[in-house]
Trainee: 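Let me begin by handing over the structure; questions about it come next.
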Number of protein chains: 2
Amino acid sequence: MKTVTVYDIAKEANVSVATVSRVLNNTAPVKKETRDRITELINKYQFQPNALARSLSKKETGMIGIILPDITNPFFPEVLSGFDREARDNGYTYFLCDTVSANGDMADQYGRESQYLSALSEKQVDGIVMLGGRVDLAKPREELTSEVLEIGKRVPVLLINGDLPGTSLHRVCIDERLGAELATRHLIELGHRDIAIVGGYPHMRNTIQRTAGAVKTMQQYGLKVRKEWVLGDGFSVESGVGFIRQLLEQRERPTAVFCMNDLVAIGVMKGAYKAGLSVPGDLSIVGYDDIPFASASTPELTTVSLKANELGRTAAQILHQLISKEKVRKTSILQPELVVRETTAPR
Amino acid sequence: MKTVTVYDIAKEANVSVATVSRVLNNTAPVKKETRDRITELINKYQFQPNALARSLSKKETGMIGIILPDITNPFFPEVLSGFDREARDNGYTYFLCDTVSANGDMADQYGRESQYLSALSEKQVDGIVMLGGRVDLAKPREELTSEVLEIGKRVPVLLINGDLPGTSLHRVCIDERLGAELATRHLIELGHRDIAIVGGYPHMRNTIQRTAGAVKTMQQYGLKVRKEWVLGDGFSVESGVGFIRQLLEQRERPTAVFCMNDLVAIGVMKGAYKAGLSVPGDLSIVGYDDIPFASASTPELTTVSLKANELGRTAAQILHQLISKEKVRKTSILQPELVVRETTAPR
DNA sequence: GTGAAAGCGCTAACAC
DNA sequence: GTGTTAGCGCTTTCAC
């Protein structure tokens, strides 16, 4: 079953391939009569132009690459979904490049990012968006940065909620500090003075910023930030369970805990239950991200919405503008929002 | 900044493009000396072969398309993650085609599937996998089927947990009936006799099969299946909340409920709490899918694992074989597994 | 309004 | 071992 090409259509229609191409792309007027003849043949043979050939000559593919760490982390599908919608509407189709997921082997995460980066570049994608992974690092190694910078010269690169110091790549972010402030202030206004801050990784920008926001707010209100109530290393449910256990082992206990993300918050909640505490009766908990589970748990989780969907949507818009060579400002910052639900209560 | 091509490399190395191509693909022996010279230039210019051109001439792209309804539904990232891992290892990169997500506009879901189907085909993907959407329909419209069949003639198509009656497309599935049997039997063995079956959509194959499995099992044990305890139309948390409300309004109440998926189960659990019931004290609940949240909730959800990850992994394997023109059996069936956690207890 | 022909960048016979 | 050259299937000047 030979695949039919513009030549086949052209021949049978007694025109040149140029004309076929013209009706295909509506790129120049064609006499209605010939146009109809061609259209008919196209339908007859179910002709589908080869996108590879087209892209090769047009030097644009309508393909985008999106590199992220783990689609299994519910935060990412949310931004992806916003991104998808917008990108789709603009006629793009995208490669999903997951650098960790499944094998859970973080070890070579950055190596995999590099592989994808060059694979995408070879595939001539029109644009690349990165989130998580190296762009989350507070101090990425030099090569990690320069590599992206190099790619960025050939194709638009957009960072979501990340940065690569010194590159001035385009990025769309959430105001992380503000999010943390919102959460902390909420707790304080409920009368809490003994607040723990748990989760995250000290080498990640988001953790640093969120922690800074929380600490600053507590200090503004004259609250003391206790070292032993600031626990790190983990973004998972399990780590959350561990954090609350550590907290409960101490002589003095906090009455509220601000978690670096919702997964940790869920873990903390689980751990609290197992320890016989009631939430929010004995312990108020606020998360961060507002993943779907946040509203599915019982009690429903009070959290900070990162506007994941909007983040993705905005990213797609900006990337599109970048690809269209429109002027775009380097950094777009979205405002997070506190979502008060059921895990927080007056002290 | 002109992009460098094999010609540039060839010229500077004083060889022909053929030789460059040879070292690029290791497709024929090249004298070490010339090889080194070429390799050096490749590095010097950071030369990256244009995958479009390569694919155009080789007639293979290393690209796969995967069409699914909603990446925001936690079941899908799980299978995607298994798929990703395996596909990546085999050198594929894939387009994620989400047909619902974000806008939540189910209305034109099938239309979007069609669009993606032809977009992928034009992009010359090496294979396509479909899950959810039309392949979940018990009785898909004729065009929905024939369209896929048509595409299937030009490129391998694999269905995950779905089918298109009369097409004999390759597919990898879970034994849905068995899963439902496992769940139901578990409940019965705990002493429950009043079991409700809630969630799903009557026009979907999985719902039909799961319901059939549950009903059959109940009958085997001589239990009565009450019409008013079989509630449909919904796979969401909200629908679950609605189902339990309906159940509790009735004069006689079930002591256990088998849910069509975990989201519904979570909703049922929420609703039960709001109504002042304790789980599993007053009501045992079992879900279906084993999404990550199933083990994160409190109490942790007893559910049937669909082996989502394995489903994805297997799909990638089989698709690879299909692409490599190896012999593969049409249907692969995976066994589900009951995961007993905390939402089920003796009557 | 339409055609001829030169690319786009790579691979793969085939010849030497 | 290496070079020549004809594709792969489409777009796009430039003529007419």
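Only a predicted model underlies this, so the values are computations on that prediction, with no experimental measurement involved. All chains are named by letter (A, B, ...) in the order of the sequence lines, taking the proteins before the strands, and each is independently numbered beginning at 1.
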Trainee: Rounded to whole angstrom units, what separation is found between the CG atom of B/Asp8 and the P atom of C/dC8?
Mentor: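 Result: 11 Å.
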
Trainee: For residues 37-48 of chain B, pull every pair meeting side-chain hydrogen bond (donor to acceptor under 3.5 Å, both in side chains), keeping only residues two or more places apart or in separate chains.
Mentor: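 The answer is A/Ser121-B/Gln48, B/Glu12-B/Lys44, B/Glu12-B/Tyr45.
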
Trainee: Under 3.5 Å, which donor-acceptor pairs do the side chains of residues 310-321 of chain A form with other protein atoms, sequence neighbours left out?
Mentor:
{"from": "A/Thr314", "atom 1": "OG1", "to": "A/Glu310", "atom 2": "O", "distance (Å)": "2.6"}
{"from": "A/His320", "atom 1": "ND1", "to": "A/Tyr92", "atom 2": "OH", "distance (Å)": "2.8"}

Trainee: Please report, rounded to the nearest Å, how far the P atom of D/dG1 is from the CG atom of B/Asn14.
Mentor: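 It works out to 19 Å between those atoms.
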
Trainee: List for me each residue that meets side-chain contact (heavy atoms from CB on, under 4.5 Å) alongside A/Gln109, sequence neighbours excluded, and say none if there are none.
Mentor: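 A/Gln109 satisfies side-chain contact (heavy atoms from CB on, under 4.5 Å) with A/Pro69, A/Thr99, A/Val100, A/Met106, A/Glu113 once adjacent residues are dropped.
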
Trainee: Less than 4.0 Å between a side-chain N and a carboxylate O, is that true for A/Arg134 and A/Glu143?
Mentor: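 Result for this pair is no, no salt bridge flagged.
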
Trainee: For B/Asn26 and D/dT2, what is the distance between atoms CG and P respectively, to the nearest whole Å?
Mentor: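 It works out to 13 Å between those atoms.
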
Trainee: At under 4.0 Å between heavy atoms, which parts of nucleotides 6-16 of chain D does protein reach? Answer with one letter per nucleotide, 5' to 3': B base, S sugar-phosphate only, - none.
Mentor: -BBBBSBB---

Trainee: Can you name the residues that form a ring-ring contact (aromatic ring centres under 6.0 Å, His included) with B/Tyr94, not counting sequence neighbours?
Mentor: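 B/Tyr94: ring-ring contact (aromatic ring centres under 6.0 Å, His included) contacts with B/Phe83.
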
Trainee: May I have the distance from A/Glu122 (atom CD) to C/dC10 (atom P), rounded to whole angstrom?
Mentor: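 Rounded to whole Å, this separation is 10 Å.
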
Trainee: Using side-chain contact (heavy atoms from CB on, under 4.5 Å) as the criterion, list what pairs up with A/Asn73, not counting sequence neighbours.
Mentor: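 Checked A/Asn73 against side-chain contact (heavy atoms from CB on, under 4.5 Å); matches are A/Asp70, A/Phe75, A/Phe76, A/Leu263.
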
Trainee: For B/Asp8, enumerate each residue passing the side-chain contact (heavy atoms from CB on, under 4.5 Å) test, keeping only those at least two apart in sequence or located in another chain.
Mentor: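 Here the qualifying residues are B/Lys2, B/Val4, B/Thr5.
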
Trainee: Please table the atom pairs, donor to acceptor, closer than 3.5 Å between any side-chain atom in residues 162-170 of chain A and protein atoms at least two apart or in another chain.
Mentor:
{"from": "A/Thr167", "atom 1": "OG1", "to": "A/Leu164", "atom 2": "O", "distance (Å)": "2.6"}
{"from": "A/Thr167", "atom 1": "OG1", "to": "A/Leu169", "atom 2": "N", "distance (Å)": "3.4"}

Trainee: For the helix from C/dG1-D/dC16 to C/dC16-D/dG1, what is the angle between the axes at its two ends, each from 5 pairs, rounded to 10°?
Mentor: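 Roughly 30°, once rounded to the nearest ten degrees.
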
